[in-house]
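In what follows, every chain begins at residue 1, and chains take the letters A, B, ... in the order their sequences are listed. As the structure is a computational prediction, the values presented were derived from the model and not from experiment.
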2 protein chains.
Amino acid sequence: MAEDNPPRTAKARRGRPRQAEVARLAGVSQTTVSLVLGGNKQGIALHAETRARVLAAARELGYVPDPAARRLAASRNNLLGVFSFTATFPTAVEHSYYPFLVGVEQEAAAQGFDLVLFTGSSPGGAQADVPGALERVRLADGCLLLGRHAPTAALRRLVEDGYPVVHIGRRDDLSDLAWVGADYVDAGVEVMRRLAALGHRRAVLVREDDDATASIDRERGFRTGLTAAGLAGPSGGGDPVVRAVDPVAEITPDWVRERREEGVTAFVAEETDTGAVWRALLAAVDGAGLSAPDDLSLALLGSPPADLADRPEPTGFDIPRAALGAAAVRVLTALLVGAKADEPLVACAFRAGATAGPPPAAL
Amino acid sequence: MAEDNPPRTAKARRGRPRQAEVARLAGVSQTTVSLVLGGNKQGIALHAETRARVLAAARELGYVPDPAARRLAASRNNLLGVFSFTATFPTAVEHSYYPFLVGVEQEAAAQGFDLVLFTGSSPGGAQADVPGALERVRLADGCLLLGRHAPTAALRRLVEDGYPVVHIGRRDDLSDLAWVGADYVDAGVEVMRRLAALGHRRAVLVREDDDATASIDRERGFRTGLTAAGLAGPSGGGDPVVRAVDPVAEITPDWVRERREEGVTAFVAEETDTGAVWRALLAAVDGAGLSAPDDLSLALLGSPPADLADRPEPTGFDIPRAALGAAAVRVLTALLVGAKADEPLVACAFRAGATAGPPPAAL
DNA sequence: TCGGCTTGCTAATGCGCATTAGCTTCGGAG
DNA sequence: CTCCGAAGCTAATGCGCATTAGCAAGCCGA
């Protein structure tokens, strides 16, 4: 396979000029060229005229440093990795990491880093955890993790090696794993505070039967807010939190009516991947012949599913995805220089929406 | 596994493992490691067991090649660059490159390349045209370009150096620049063919007063299709193509009525960044008290603006953005192995939509 | 017995740059 | 006159890898 490429076409240029060629033109050494063009941060004495000659030569030849060589010599890549455990750009928009990436890219650019996208799954769909997949991220100076299904073992290994990793989304299973997350608790408290301010006295939360940290946090926010705002659950004494295994089957018009009879005027749902809980709640309220915000108030702990864009905007909060992405980058770059990041929680933005109002006077 | 690295703490392994460390673990030379991991394309004899030992050692240490070093030594590193001249992930959805990236990521993954996103312009707007910004892409084996405002000079330089670049979107200003684009001409012809098949005899195209290649191509598609389908322009003999400098001011209800009196039953608009032309046409038709597809037919050469999602779906075609991204990757990888790419045009998908039908019998 | 072949591996080199440790000169203090 | 230090520059080295040349055995036929 020894096809020698040196003898290119006469026209084809012999590559870009090197520092050595600039040096020859300027009558100095390559070292001097590097010094001049590199800004001479080490403060080595250089004659102004020499400097000028080098600069002139560089301009004349159109010299541009080779980024690969520069990075090799400086032993940094200026690359941040983004690893997601599903395709980073899935076709199904609802699972898209796009909003996070908006923030990631902005912050990375601001800090002078480029981004490398790794895909955890192979394209064919036969993505059964390619063994070394996660290891590839070492190519970058540090890496951001997206998605819930990070293989713990592979991850632990990276972390233990001292490789800088930041997980987007709260994550407590690996003690040394840095993460950033949305402050669901605080956001939930705020929502409950608003409901109380509107005059509500009794509320329930419908959530998935799931133990994702995000769900847990949202429930905690609800409960904390409930207490803090002086609210209560149904008068029957039942738990104000309902875990729905099958929302459609459990959150029925009758269920809504029963809760109302127990004095509940505010119904809160948590955001889920599919929006199933919120959807079920809306359907049940409709089915009961009621409507928000007149007959009762609805709130959603999170953002509504995209396909419900035509429905009235839910009262609740938005997860600041872009801000989370940016925060993750900041934590990561802090790790790169050995600093410990401070606050990993990013505040959610309260969304007034149109599904909550004062409770009906009748109740 | 032995802790015989003198200088390091037992705990902290400095940085990623090198080939030299893999070699030590496997009891071979760095050369052998490079051979094994590099696929040994030079066909040097290697014992299968040695190979296995090396692979095992590499896996154990989590070895990943350094892209910069690889690039420096071999001029390739399995990385494809994506460079855009505005933020790759802009907040404004209409300028989003997301749809392209879907295809780019899929195809790149399929071909075993990872992606480097070069953060071309900073979101803050601070570094409009950092001189060397484009040069950074040389870290990747080849690069995809997105966006219209690529600095021609910097680009020419890359191309002339033989660096593989593919522009997404037709581009003829740089003779040796490879590109992929949507086949607007063919798509336009198809739309006109359909209109003719529905019974229309006279049509007009409203377009921006703009010389973007995409606009030119769409107009060409319209004209070609008009002729091919045996259609004509207004009976008055005016040009069937209207360049609207200010669509809102020019495309009025009266204008629509006049064209209809000239026998025009099909009104075609081109897609623009803002959707202004299509919007103006819809407004004018409404204003004239007419409606599509009963009183006349409307077609849109391209996709409707997102905020008009609730309006009836326009008849027309969709630009296959994901397919374009994938095609761009294929062209790029072809360039990498020195092959010349064949067909840079990707077919658009006809969209039946709901704004076109047979012309009213009265006319 | 020996040259020639094959098999299996390694030493050495260089990619383009940044960095460090010098090596000259020259002016001035002693 | 020395001697010293600053000014002004360069040789040498290494970053991590791919690649080339070549070395050491083992084997075979003559």
Side-chain angles (χ1 to χ4, degrees), chain A residues 1-6 14-24 26-54 57-58 61-79 138-141, chain B residues 14-24 26-54 57-58 61-79 132 135-136 138-139 141 161 163:
Chain A
M1 332 225 91
E3 275 315 299
D4 282 357
N5 33 359
R14 25 189 290 120
R16 330 200 311 291
R18 318 285 157 211
Q19 284 189 349
E21 291 158 40
V22 175
R24 216 178 312 135
V28 297
S29 71
Q30 177 264 319
T31 302
T32 304
V33 173
S34 175
L35 245 26
V36 170
L37 299 180
N40 187 15
K41 301 187 194 292
Q42 38 276 313
I44 290 184
L46 280 178
H47 201 99
E49 194 236 321
T50 305
R51 206 181 108 82
R53 276 217 317 284
V54 169
L61 294 181
Y63 171 80
V64 170
D66 178 326
R70 202 204 264 287
R71 287 173 182 188
L72 219 214
S75 77
R76 276 179 53 234
N77 283 145
N78 262 292
L79 250 30
R138 289 182 191 258
L139 170 158
D141 294 336
Chain B
R14 283 275 287 168
R16 323 199 309 283
R18 315 286 158 212
Q19 283 190 349
E21 290 157 41
V22 175
R24 214 179 311 136
V28 298
S29 70
Q30 177 262 320
T31 302
T32 303
V33 173
S34 175
L35 245 26
V36 170
L37 299 180
N40 187 14
K41 300 188 195 292
Q42 37 276 312
I44 290 181
L46 281 179
H47 200 96
E49 194 236 321
T50 305
R51 203 182 110 82
R53 276 215 320 281
V54 170
L61 294 181
Y63 170 80
V64 165
D66 179 320
R70 211 183 171 86
R71 173 85 186 144
L72 192 55
S75 323
R76 68 197 149 70
N77 56 197
N78 268 317
L79 249 33
E135 292 292 334
R136 289 185 310 175
R138 291 185 191 261
L139 176 71
D141 293 337
D161 279 358
Y163 183 83

Between A/T32 and D/dC9, is there a contact of a side-chain N or O with OP1 or OP2 at under 4.0 Å?
no
Are any side-chain N or O atoms of B/R16 and backbone N or O atoms of A/R138, one a donor and one an acceptor, separated by less than 3.5 Å?
yes
Bending between helix ends of the helix from C/dT1-D/dA30 to C/dG30-D/dC1 [5 pairs per end, 10° resolution]:
70°
Only counting residues at least two apart or in another chain, list the ones meeting side-chain contact (heavy atoms from CB on, under 4.5 Å) with A/A69.
A/D66, B/L72
Please identify which of these residues, B/R24, B/Q19, B/E21, meets the side-chain contact (heavy atoms from CB on, under 4.5 Å) condition with B/V33.
B/Q19
Going by atom types alone, do A/S34 and A/T31 pair a side-chain donor with an acceptor below 3.5 Å?
no
Qualifying residues under side-chain hydrogen bond (donor to acceptor under 3.5 Å, both in side chains), relative to A/R70, sequence neighbours excluded
none
Determine, stepwise, if the pair B/L139 / A/L79 fulfils side chain to side chain contact (heavy atoms under 4.5 Å, CB included).
CA-CA 11 Å; B/L139 176 71; A/L79 250 30; 3.9 Å; yes
Any donor and acceptor pair, going by atom type alone, linking the side chain of A/N40 with main-chain N or O of A/L35 inside 3.5 Å?
no
Residues of residues 35-50 of chain A with any non-hydrogen atom less than 4.0 angstrom from an atom of DNA chain C: list those, numerically ordered, please.
A/L35, A/Q42, A/I44
Non-neighbouring partners of B/A57 that pass side-chain contact (heavy atoms from CB on, under 4.5 Å), sequence neighbours left out
B/V22, B/L25, B/A26
Touch check for A/V28, heavy atoms < 4.0 angstrom, all strands: base, sugar-phosphate only, or nothing?
sugar-phosphate
Range on DNA chain C touched by chain B - first to last nucleotide, heavy-atom distance under 4.0 Å
C/dT7 to C/dG16
Show the numbers, then the answer: is there a side chain to side chain contact (heavy atoms under 4.5 Å, CB included) between A/L37 and A/Y63?
CA-CA 10 Å; A/L37 299 180; A/Y63 171 80; 3.5 Å; yes
Counting the atoms with a prime plus P, OP1 and OP2 as sugar-phosphate, which does B/A74 contact under 4.0 Å by heavy atoms, base, sugar-phosphate, or nothing?
sugar-phosphate
Want to settle it: does B/G27 or B/A69 sit nearer the 5' end of DNA chain C, counting the closest nucleotide to each?
B/G27
CZ/B/R53: more than 12 non-hydrogen atoms of other groups inside 6.0 Å:
yes
